[in-house]
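Model, not experiment: these values are computed from the prediction.
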There are 2 protein chains.
Amino acid sequence: MKHPTILDVANEAGVSKSLVSLVMRDSDRVSASSREAVLKAASALGYRPNAAARTMVRRRSYVVGVMVSDLRNPFFADVIDGIDMAVTDAGYRAILTTGNRAPERERLAIATLLEMRVDGLILASPVVGGEFVIDASRTVPTVIVGKAIRASTIDSVTNDDRRGAEMVIDHLVELGHRCIAHIDGGVGAGAGPRRSGYARSMRRHGLEDDIRSMRGGFTEEGGSTGMTDLLAEGARPTAVFVANDLAAIGALDVIDGAGLNVPGDISIVGYDNISLVAGHRLGLTTVDQPRHDMGRMAAGLILEKIEQDRPSASHVVLSPKLIVRESTGPPPL
Amino acid sequence: MKHPTILDVANEAGVSKSLVSLVMRDSDRVSASSREAVLKAASALGYRPNAAARTMVRRRSYVVGVMVSDLRNPFFADVIDGIDMAVTDAGYRAILTTGNRAPERERLAIATLLEMRVDGLILASPVVGGEFVIDASRTVPTVIVGKAIRASTIDSVTNDDRRGAEMVIDHLVELGHRCIAHIDGGVGAGAGPRRSGYARSMRRHGLEDDIRSMRGGFTEEGGSTGMTDLLAEGARPTAVFVANDLAAIGALDVIDGAGLNVPGDISIVGYDNISLVAGHRLGLTTVDQPRHDMGRMAAGLILEKIEQDRPSASHVVLSPKLIVRESTGPPPL
DNA sequence: GATTCAGGTTGGAACGTTCCAAGAGGTCCT
DNA sequence: AGGACCTCTTGGAACGTTCCAACCTGAATC
């Protein structure tokens with residue numbers, strides 16, 4: 001028999017299906033003897049409850065779905081870990097799908113979760129946005145991590161990207177830099193605010209003529225092409241703010257390959273503070289985001305929305321923190 | 001209305017539920033006019049098929065479940081990407097759960113997938129093994145990636161870890177090293193064969209007295225504690241083979257922190273060839289595994305098993321490839 | 001000895017699909 | 001005109017649970 005059902009267990013144990021159901025959800029109003037008989041039968045048959053059937057009749061799945069834009073970025077591992085823990089503690093389960101930063105695949109990944117009737121949807125730094133996401137949020141509680149969306153139905157957990165970018169520029173200006181370029185995150189979540197925070201801060205320091213934003217992306221590759229383009233353009237900046245750590249790693253490698261010294265010739269700053277950039281080899285100055293907490297908070301918001309269906313949208317904004325390491329220093333003379 | 005059903009759509013469109021069902025699975029025997037009416041009604045109501053109901057009656061979910069032991073390791077991102085692509089191309093969908101290298105959580109993650117009645121189960125480098133996994137494989141086609149299990153019901157896709165380890169040792173011996181230590185992967189998938197490959201190769205080179213295996217783990221932290229312990233013991237080896245790249249990064253950082261030179265004082269080798277270690281900063285000599293292909297092959301095996309239920313177990317073993325970079329060199333004089 | 005009560009157990013309806021056998025209309029052939 | 005045969009459409013049963021109201025049994029109460 002492929003998958004024994006509750007009825008098979010009932011037969012084996014000589015009781016009704018209802019009683020088996022009670023035992024499975026361990027109700028307290030079944031006698032010790034029946035409970036034992038049922039459990040014995042269940043394990044003898046290798047019974048496993050069928051979540052699909054359960055979901056149907058309860059019209060709740062007790063599952064939270066998480067769509068992750070980019071599994072390659074270790075940033076998300078911690079966010080997911082936070083989500084998973086909080087959700088598990090509350091008696092739910094988390095499942096993931098991934099979109100690989102491709103809008104079409106992201107949409108499919110989200111649709112999969114919606115069709116499975118997850119009770120809550122968490123989007124970790126989605127590339128897609130707009131109507132599609134808003135539509136989704138109309139049928140299921142939705143939280144976005146890493147980016148905010150203007151819609152009254154969608155909660156968000158972000159760090160203050162604009163502020164983080166400003167802290168970076170302040171730090172560089174303080175070191176004496178004026179010619180500071182930015183390699184952006186393209187269409188990625190949070191890329192916009194970081195870019196505009198950069199520009200705003202530059203203007204605030206009277207450096208509007210030195211604003212220079214290059215196209216990059218939230219990947220190693222994005223960082224390296226951005227840096228390659230930047231170096232090719234001539235008029236080398238003395239510092240570069242790269243949209244995230246992964247891209248900064250790519251950018252650093254291009255600089256190393258060009259025989260330039262960091263921070264002697266050029267200072268580099270990233271964003272995220274993933275553990276890989278903390279070591280002596282990279283020693284990247286970056287902006288820390290409390291990843292694990294972001295995951296926990298996202299889960300908290302979702303659970304709150306599921307269980308008390310709070311009508312209004314919450315937007316949690318966490319404070320970024322500058323982490324200074326060896327990749328930044330005074331500009332060359 | 002929270003979730004419109006096929007019946008709501010039928011009412012709206014003025015047809016029977018059966019016809020709506022046919023349109024949804026786009027059957028070719030519905031008239032153009034009804035098809036249009038149904039689609040219009042469906043999108044007006046925001047109808048989304050309920051996968052739980054579908055799974056119930058078809059007794060197939062068209063979903064492949066993937067349990068990933070460690071999302072922090074970028075190695076898996078590529079494996080998952082390969083799985084996702086192959087599975088999607090075949091008309092299935094992939095969902096993930098994660099166990100965070102903790103056996104208890106892994107078991108829960110697997111149970112979640114089984115209860116959802118996934119049609120196939122892929123375990124990416126699970127820490128758990130034994131009865132639990134074998135039980136699972138009795139009810140659903142199962143493939144393990146990164147580790148082999150002796151059971152006639154379980155397929156596996158691995159690289160030849162033992163051989164890979166031997167290639168590492170051969171390389172180091174050729175450079176002139178004799179005192180070569182190993183920081184292992186603990187209980188992680190593939191850790192055993194790499195450890196024994198190391199030991200066997202050392203013996204083969206007549207270096208049995210120099211065998212020294214330290215406890216590590218497949219994480220940065222594991223590598224750094226392993227290396228810290230190793231350095232604390234005195235009698236510093238001239239080369240260390242670390243169980244994977246992530247751990248090697250941790251180990252390198254400890255070495256850097258101790259003021260030692262790589263490869264001048266000590267050579268380091270990793271395993272996996274994740275992109276992060278390829279750059280100038282780390283330049284880690286390592287062993288390449290064809291991650292993406294491993295994912296595709298795992299998916300291929302699962303689909304084959306699902307659709308043609310092949311009875312016997314397949315074990316695919318891929319060839320590792322040594323990638324020599326700057327972290328290895330001749331031993332100090 | 002009848003009545004109430006509590007503890008334990010039960011069958012049936014419902015959830016939202018798919019599948020199947022069968023029905024409704026048309027067209028075409030003889 | 002009658003039948004055969006299309007094409008399109010339909011209602012009902014089934015999938016494996018949960019939930020509910022109802023039932024049974026024996027003990028406690030009057």
Side-chain angles (χ1 to χ4, degrees), chain A residues 1-39 41-42 45-63 91 112 114-119 139-140, chain B residues 1-39 41-42 45-63 91 112 114-119 139-140:
Chain A
M1 177 178 343
K2 199 66 197 285
H3 277 131
T5 75
I6 208 173
L7 255 133
D8 299 318
V9 177
N11 276 341
E12 175 83 10
V15 298
S16 73
K17 64 175 180 25
S18 302
L19 189 53
V20 176
S21 172
L22 288 173
V23 172
M24 286 307 150
R25 289 172 286 146
D26 57 15
S27 153
D28 52 356
R29 42 168 157 201
V30 352
S31 68
S33 61
S34 325
R35 152 164 285 118
E36 199 190 346
V38 167
L39 291 177
L45 297 176
Y47 170 76
R48 256 182 228 284
N50 181 327
R54 203 208 294 265
T55 297
M56 274 222 64
V57 54
R58 302 184 84 175
R59 311 171 85 193
R60 290 280 294 273
S61 58
Y62 291 90
V63 169
T112 300
L114 293 176
E115 290 177 11
M116 292 187 138
R117 295 293 188 267
V118 294
D119 290 341
T139 58
V140 65
Chain B
M1 175 184 337
K2 200 62 196 289
H3 277 131
T5 73
I6 209 173
L7 255 135
D8 299 315
V9 177
N11 277 340
E12 174 83 9
V15 298
S16 73
K17 64 171 180 29
S18 303
L19 190 52
V20 176
S21 173
L22 288 174
V23 173
M24 287 307 152
R25 288 171 288 145
D26 58 11
S27 152
D28 54 354
R29 43 166 156 201
V30 356
S31 69
S33 62
S34 327
R35 153 166 284 119
E36 200 189 344
V38 167
L39 290 177
L45 297 176
Y47 170 75
R48 253 182 229 284
N50 181 325
R54 201 206 294 262
T55 298
M56 272 220 69
V57 53
R58 302 184 83 176
R59 313 172 85 191
R60 289 279 292 273
S61 59
Y62 291 91
V63 169
T112 300
L114 293 176
E115 291 178 10
M116 293 187 137
R117 295 293 188 266
V118 294
D119 290 342
T139 59
V140 66

Inset, instruction - Could you encode protein contacts along nucleotides 17-22 of chain C as a string, one character per nucleotide from 5' to 3', using B for base contact, S for sugar-phosphate-only contact and - for no contact, with a heavy-atom cut-off of under 4.0 Å? - result: BBB---

Inset, instruction - List in numerical order all residues of residues 26-38 of chain B for which some heavy atom is under 4.0 Å away from an atom belonging to DNA chain D. - result: Arg29(B), Val30(B), Ser31(B), Ser34(B)

Inset, instruction - Only pairs at least two apart or in different chains count here, so list each salt bridge (charged side-chain N to carboxylate O under 4.0 Å, His left out) that has a residue in residues 48-62 of chain A. - result: Arg60(A)-Asp119(A)

Legend entry - Difference in axis direction between the ends of the helix from dG1(C)-dC30(D) to dT30(C)-dA1(D), five pairs, 10°: 60°

Legend entry - Ser16(A): partners by side chain to side chain donor-acceptor pair (under 3.5 Å), with sequence neighbours left out: none

Legend entry - Nearest non-hydrogen partners of Val140(B) and Val118(B), listed with the distance: CG2-O, 3.3 Å

Legend entry - Considering all heavy atoms, the nearest Pro4(A)-Gly46(A) contact: CG-O, 3.8 Å

Legend entry - For Glu12(A), salt bridge (Lys or Arg N to Asp or Glu O under 4.0 Å) partners two or more places apart: none

Inset, instruction - Using atom CG of Leu19(B) as one end and atom P of dT7(D) as the other, report the distance to the nearest whole Å. - result: 16 Å

Inset, instruction - Could you list the residues that satisfy ring pair (Phe, Tyr, Trp, His ring centres under 6.0 Å) with Tyr62(A), not counting sequence neighbours? - result: Tyr92(A)

Inset, instruction - List in chain and number order the residues that pass side chain to side chain contact (heavy atoms under 4.5 Å, CB included) with Leu22(A), two or more places apart in sequence or in another chain; answer none if no residue qualifies. - result: Leu19(A), Arg25(A), Ser27(A), Val30(A)

Inset, instruction - Ignoring backbone atoms, test whether Arg60(A) places a side-chain nitrogen or oxygen under 4.0 Å from the OP1 or OP2 oxygen of dC15(C). - result: no

Inset, instruction - Using side chain to side chain contact (heavy atoms under 4.5 Å, CB included) as the criterion, list what pairs up with Ser31(A), not counting sequence neighbours. - result: Ser33(A), Ser34(A)

Legend entry - Nucleotide nearest Ser16(B) (side chain, heavy atoms from C-beta), chosen from dT10(C), dG16(C), dT10(D): dT10(D)

Legend entry - Partners passing side chain to side chain contact (heavy atoms under 4.5 Å, CB included) against Ala52(A) (at least two apart in sequence or in another chain): Asn50(A), Ala52(B), Thr55(B), Met56(B)

Legend entry - Distance-minimising heavy-atom pair for Val38(A) and Val9(A): O-CG1, 3.9 Å

